[in-house]
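Notes for the one structure printed next.
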Amino acid sequence: MARLGSWIESHPEGIYVRPADAWIDPSQPKARAWVTHGHADHARGGHTAVLATSETLAIMETRYGPQSGQPIAYDETIRVGEVDVRFVPAGHVLGSAQIVMEHKGERVVVSGDYKRRPDPTCAPFVPVPCDIFITEATFGLPVFRHPDTGSEIDRLLHRLHADPERCVLVGAYALGKAQRIITELRQRGHHDPIYYHGAVERLCRLYEELGVELGELRPATGVAKDELKGRIVIAPPGALNDRWSRRLPDPVTAMASGWMRIRQRARQRNVELPLIISDHADWDELTTTIRELEPTEVWITHGREEALKHWCMTHQIKACELNLVGYEDEDD
Ligand SMILES: [Zn+2]
Ligand SMILES: [Zn+2]
């Protein structure tokens, strides 16, 4: 047989699956796109035909308008050209999937973005042993070890209750992180109304339509300052330091991101309460997953691949990096 995975090509604009004539998460409009999840660095508008989970298609329609999409259920296998394709949960955001492909006896799994720890808003990651694992490595350095999510949420609640005259303004990406923070708060017993910035509203509503319960949400805009004292307000990271936040009562600025592990990143955004809550695998999750899947080769995307490449090599696994452009952390 030819080189392992010779039917899968890496191009700057995405991964091309030749025997299916399909692109995975292409950054340019394509005739046939398979999309792992709804974050903007993976899901773009303008494709002729999109194969994705129904949740991902719904997210794309919310963001880009009507899609000529074909929904695929988790674990359903379809044949496209000469490739059997299956989407399995990636545990990243609602509807997120790994793409499992089989061709001529070889199995390749494209992880998309993923994490292994529980997330009340989406189905958990399903490990699929494979010959080639194409993995993200957003946090592919041993320094990245995300703490327990519950303890981070408890720090947030503790801070909220410590000063009833202030509010806590939490910066969280509009797709996935915002809804996860809200559901994690509900699970820790916080049932007060949570206030939101307008930019997260549509996706919160969509999550609710798709069956994720978020409890009582209220718009923060147009509300008297006094009403917001002692409340949690969720806003996209870009709103943390802009004019919008001046309407809030002396906000404690928090941010929920894997990058909050790096103090300098927190300082750059004037974050007083950094919360290390990530929708990506940390170092231990990355290496545990590779151990579990036992691939012959690992291909690495999303930067910071050197350490993981080295780790693979010391574990007798061939590894290389893929230089895809445009994968950035909309969603850390
Ligand atoms: Zn993502
Ligand atoms: Zn990504």
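Remember, it's 1-based here, ligands and their atoms both numbered in the order they're listed.
Taking 2.8 Å as the criterion, E136 does not count as a coordinating residue of the Zn ion (ligand 2), since none of its N, O or S atoms falls below it. Backbone or side-chain N, O or S atoms of H39 do not reach the Zn ion (ligand 2) at under 2.8 Å. Taking 2.8 Å as the threshold, H42 does not count as a candidate ligand of the Zn ion (ligand 1), since none of its N, O or S atoms lies below it. Inclusion of H37 in the first shell of the Zn ion (ligand 1) is supported: an N, O or S atom falls under 2.8 Å.
Distance alone, capped at 3.5 Å, is enough to place a donor-acceptor pair between the E61 side chain and the Q67 backbone.
The CZ atom of R18 sits 7.5 Å away from atom NE2 of H103, with the distance rounded to the nearest 0.5 Å.
A salt bridge links D279 to K115: one of the charged nitrogens lies within less than 4.0 Å of a carboxylate oxygen. Between D84 and R79 there is a salt bridge, since a side-chain N of the basic residue sits under 4.0 Å from a carboxylate O of the acidic one.
Between W259 and F144, the ring centre distance stays below 6.0 Å.
The atom of D41 nearest to the Zn ion (ligand 2) is OD2, with the search restricted to N, O or S atoms. As for D113, its N/O/S atom nearest the Zn ion (ligand 1) is the one called OD2.
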